[in-house]
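Please read the structure below before turning to the comments.
Below, chains carry the letters A, B, ... as their sequence lines are ordered, and counting in each starts from 1.
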Protein chains: 2
Amino acid sequence: MIEPRKGTGQPTIADVAELAGVSRAIASRALSSEPRPVSADKRERVLKAAQTLGYKPNLLARSLTTKTVNLVAVVVNHIHDLSDLDLFDLLISEIQSIGKQVIFVRVGSSQGIEEFLRNGIAYHVDAALVFSDFADAATVRKMFRNDSVLMLNGMRDAAAPAIIPDELTGITAAVADAAGKGVRTALLVTGRAASAVEQARVAHYRSELQRNEIALAGELRGDYSYQSGRRLAVSPDWKEVDAVFCTSDAMAMGVLDVHRDGVLQTRPKAFRLYGFDDVTLAEYEAYPISSIGYDKSIYIKEILRFLTHPKEFRSGGTLVRVPTYFVARDSS
Amino acid sequence: MIEPRKGTGQPTIADVAELAGVSRAIASRALSSEPRPVSADKRERVLKAAQTLGYKPNLLARSLTTKTVNLVAVVVNHIHDLSDLDLFDLLISEIQSIGKQVIFVRVGSSQGIEEFLRNGIAYHVDAALVFSDFADAATVRKMFRNDSVLMLNGMRDAAAPAIIPDELTGITAAVADAAGKGVRTALLVTGRAASAVEQARVAHYRSELQRNEIALAGELRGDYSYQSGRRLAVSPDWKEVDAVFCTSDAMAMGVLDVHRDGVLQTRPKAFRLYGFDDVTLAEYEAYPISSIGYDKSIYIKEILRFLTHPKEFRSGGTLVRVPTYFVARDSS
DNA sequence: CTGTTAGCGCGTTCAT
DNA sequence: ATGAACGCGCTAACAG
């Protein structure tokens, strides 16, 4: 006896109910994860019928009434930074482990984002995790028509919960390390000035350098990439200093390759070098970059807390800070 | 005059129709991207009403009848390989550019697939791109209840279309390079043996080495990672040979760091070294690994062709091959 | 060209 | 505890 399917050939809950000899409502309850009143034997029959039919609920149809799809949007600029690699794999894995799935939304620029979202399922996600710095919290809430927006890009307002690495502690330690080694002059190699995170980062460096009486000889602007580090290292604006602080490890690697002591020594010839992000790559022998990092698992644990217990975050734009650390390597 | 909303507060197509003074069907047609028969003035009124109401279609509801969601699943093992970084950013960007969105499905193990089958909204996607080698074509089709599955992991059957880099050409060139430099003995450092791609790769190396009369002194199995390269390089099984071929750049980097000539020279002391993948990182000065790669943009263009013109692939499990190249660097 | 109607698959009243 | 009926938002099919 073959079930007569109409559209996609998938069994629906109606098929299950029919096979079990009960009404659709009973089948719905028996299959529900919530405890709903159904007699034991009928529940048994429904479950068995679902089993033999290979029934899988249509979650899109379900979402039509429940208003929830178990989908999370991860909004990023790009995913080609080395530091991303360490983060996203774990993040996706953890999100999946709580029964949700991830839509990756890549927004190279702020242009047309809204339009793009409207034409896709991402528009209906339960929550959005915003790493990209293309938009402020209010815009994102409006875009997703959803208050469940977690800002991870350093941009927040009174209503938006956010998780931000507390970079001051790491930067303080890094600059202290330099000061303790007799550094008196420094150069700052920065990333995109438009980023809120970057602005705060640079401000921290400035104040810490000043506090340690280290003269800031200049700021050179790159784009976080290895190539931009190389470019700046040979630019006419480059200055002779005791230490170079880069706001990304990749830029520090570029600087290192240009200024190695000897053909391929592990440290620069004339200055101490500091990076940022503590990417896995810094474990490679050729790039022992002193760096600042944070515990990714703590960070992600907080993100998951937001997804599973949103109320704890709702009370007036909670701001969670994840501590950073400084790790000294050969480069400094 | 305020529209009386019931649920989410979003205007529905019924609200638009009412305001425009037409039936829901007319509103639906006027708003459709496809050219459907609607009189000019009514279309105008509908569009205007939608405009003033700020109407946005509910794509989940639409998908209920159209059976299409503009969602593409990307199925991966992990995304922590360096070679992934170069690929996925571009892939996501391109998929988004044709109006589809990407749901990332990470299956770290074959067990993860079972887990996925239970939850997962992903089985309503329009297509699945399979990079993970934990599932064969039949399983994936069942997982997604969808025949629109593109195998990119080297595993295919008669029904599944696939795109595979033609690694033989690159390997042939790499081995020829070694032979031309007088290499007579070689070591092969491999990755996970379970992978179909890896098996083919190793087989190619074996036959090419034999053809060039290079003796294969041994095969050491790693896991593609830098650390596994280091580990193998110091293991008791390591042999003195003229050349070492690694099936990933990361392993080659690990081997290089253990066997550098001098403190940090760019080449191994006693042998020529070859990697695989031609990751961007090989452009870093400290790891000039001779490698085998393929044009990512061609590869992705073929994937997009599958998404936009699936019929061209349907005819009996089309197999598309993307050519590989060999690039010589300092390490060999 | 237009409007009415009938689903799509599911959860949820509301009577029984 | 149960099942009929309705609604979610939208589009396809069918009449007019």
Side-chain angles (χ1 to χ4, degrees), chain A residues 3-46 49-50 53-70 118-121 123-124 145, chain B residues 3-46 49-50 53-70 120-121 123-124 145:
Chain A
E3 287 291 327
R5 310 282 160 60
K6 351 202 167 160
T8 57
Q10 321 272 339
T12 75
I13 200 170
D15 296 322
V16 174
E18 186 181 347
L19 180 58
V22 299
S23 73
R24 297 209 325 272
I26 292 295
S28 173
R29 287 177 192 139
L31 263 17
S32 171
S33 56
E34 308 288 309
R36 300 217 191 284
V38 186
S39 71
D41 67 321
K42 295 207 172 182
R43 153 168 286 128
E44 197 62 31
R45 274 156 51 200
V46 169
L53 251 41
Y55 167 76
K56 297 289 186 312
N58 181 332
L59 286 92
L60 262 43
R62 172 184 293 172
S63 72
L64 210 50
T65 61
T66 63
K67 307 292 181 194
T68 167
V69 282
N70 277 344
R118 265 183 218 132
N119 295 330
I121 293 297
Y123 192 61
H124 300 278
R145 303 192 163 207
Chain B
E3 288 292 326
R5 311 281 160 60
K6 349 198 169 165
T8 58
Q10 318 275 338
T12 76
I13 200 169
D15 297 322
V16 175
E18 186 182 345
L19 180 58
V22 298
S23 73
R24 299 209 321 272
I26 291 295
S28 173
R29 287 174 193 141
L31 262 18
S32 169
S33 58
E34 307 290 307
R36 301 216 192 284
V38 187
S39 70
D41 67 322
K42 297 209 173 185
R43 171 187 302 272
E44 197 63 31
R45 275 154 52 200
V46 169
L53 253 39
Y55 166 77
K56 303 293 181 311
N58 182 332
L59 284 91
L60 272 66
R62 173 182 295 171
S63 74
L64 211 51
T65 63
T66 61
K67 306 293 182 193
T68 166
V69 283
N70 278 344
I121 194 156
Y123 49 70
H124 295 283
R145 309 194 156 205

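Distance, L60(A) CG to dG11(C) C1': 15 Å, rounded to whole Å. Whole-Å rounding puts the E18(A) CD to dC10(C) P distance at 14 Å. If you take CG of L59(A) and P of dC8(D), they are 21 Å apart, rounded to a whole angstrom. Per the geometry, CZ belonging to R43(B) stands 10 Å off P belonging to dC1(C), to the nearest Å. Between N58(B) atom CG and dG7(D) atom P there is a gap of 18 Å when expressed in whole angstrom units. Atom-to-atom, CD1 of I26(B) to C1' of dC10(D) comes out at 15 Å; the value is rounded to the nearest Å. Atom-to-atom, CG of L64(A) to C1' of dT12(C) comes out at 13 Å; the value is rounded to the nearest Å. Between the CG atom of L31(A) and the C1' atom of dT12(C) there is a distance of 15 Å, rounded to whole Å.
At least one donor-acceptor pair under 3.5 Å links the side chain of S63(A) to the backbone N or O of L60(A). Checking side-chain atoms of H124(B) against main-chain N and O of N58(A) turns up no donor-acceptor pair under 3.5 Å. Listed for the R24(B) side chain is no donor-acceptor partner under 3.5 Å among the backbone atoms of A14(B).
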Next item on the list: List the steps and the verdict of side chain to side chain contact (heavy atoms under 4.5 Å, CB included) for V46(A) and V16(A).
Entry: CA-CA 7 Å; V46(A) 169; V16(A) 174; 4.0 Å; yes
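Between S23(B) and A61(B), the one whose closest nucleotide on DNA chain C sits nearer the 5' end is S23(B). Between G21(A) and R62(B), it is G21(A) whose nearest contact on DNA chain D lies nearer the 5' terminus.
With distances taken from any side-chain atom of V22(B) to the nucleotides dG3(C), dT2(D), dT12(C), the minimum falls on dG3(C). Counting only heavy atoms from C-beta on, I13(B) has its side chain closest to dT11(D) among dG9(C), dT11(D), dC10(C). Checking dG9(D), dT2(C), dC10(D) against every side-chain atom of V38(B), the shortest atom distance belongs to dT2(C). The side chain of R29(A) sits closest to dC14(C) out of dG9(C), dA13(D), dC14(C). Counting only heavy atoms from C-beta on, T12(A) has its side chain closest to dC10(C) among dC10(C), dT2(C), dG9(D). Counting only heavy atoms from C-beta on, T65(A) has its side chain closest to dC8(D) among dC8(D), dT12(C), dG9(D).
Here K42(B) reaches the OP1 or OP2 of dG3(C): one of its side-chain N or O atoms lies under 4.0 Å away. OP1 or OP2 of dG9(D) has at least one side-chain nitrogen or oxygen of K67(A) nearer than 4.0 Å.
Taking both residues in full, the closest heavy atoms of R45(A) and A20(A) are given as NH2-O, 2.8 Å, listed atom of the first, atom of the second, then distance.
Scanning atom types as modelled, one donor and one acceptor separated by under 3.5 angstrom connect the side chain of R24(B) and the base of dT11(D).
Counting any heavy atom pair closer than 4.0 Å across all strands shown, S39(B) reaches sugar-phosphate atoms only and no base atom.
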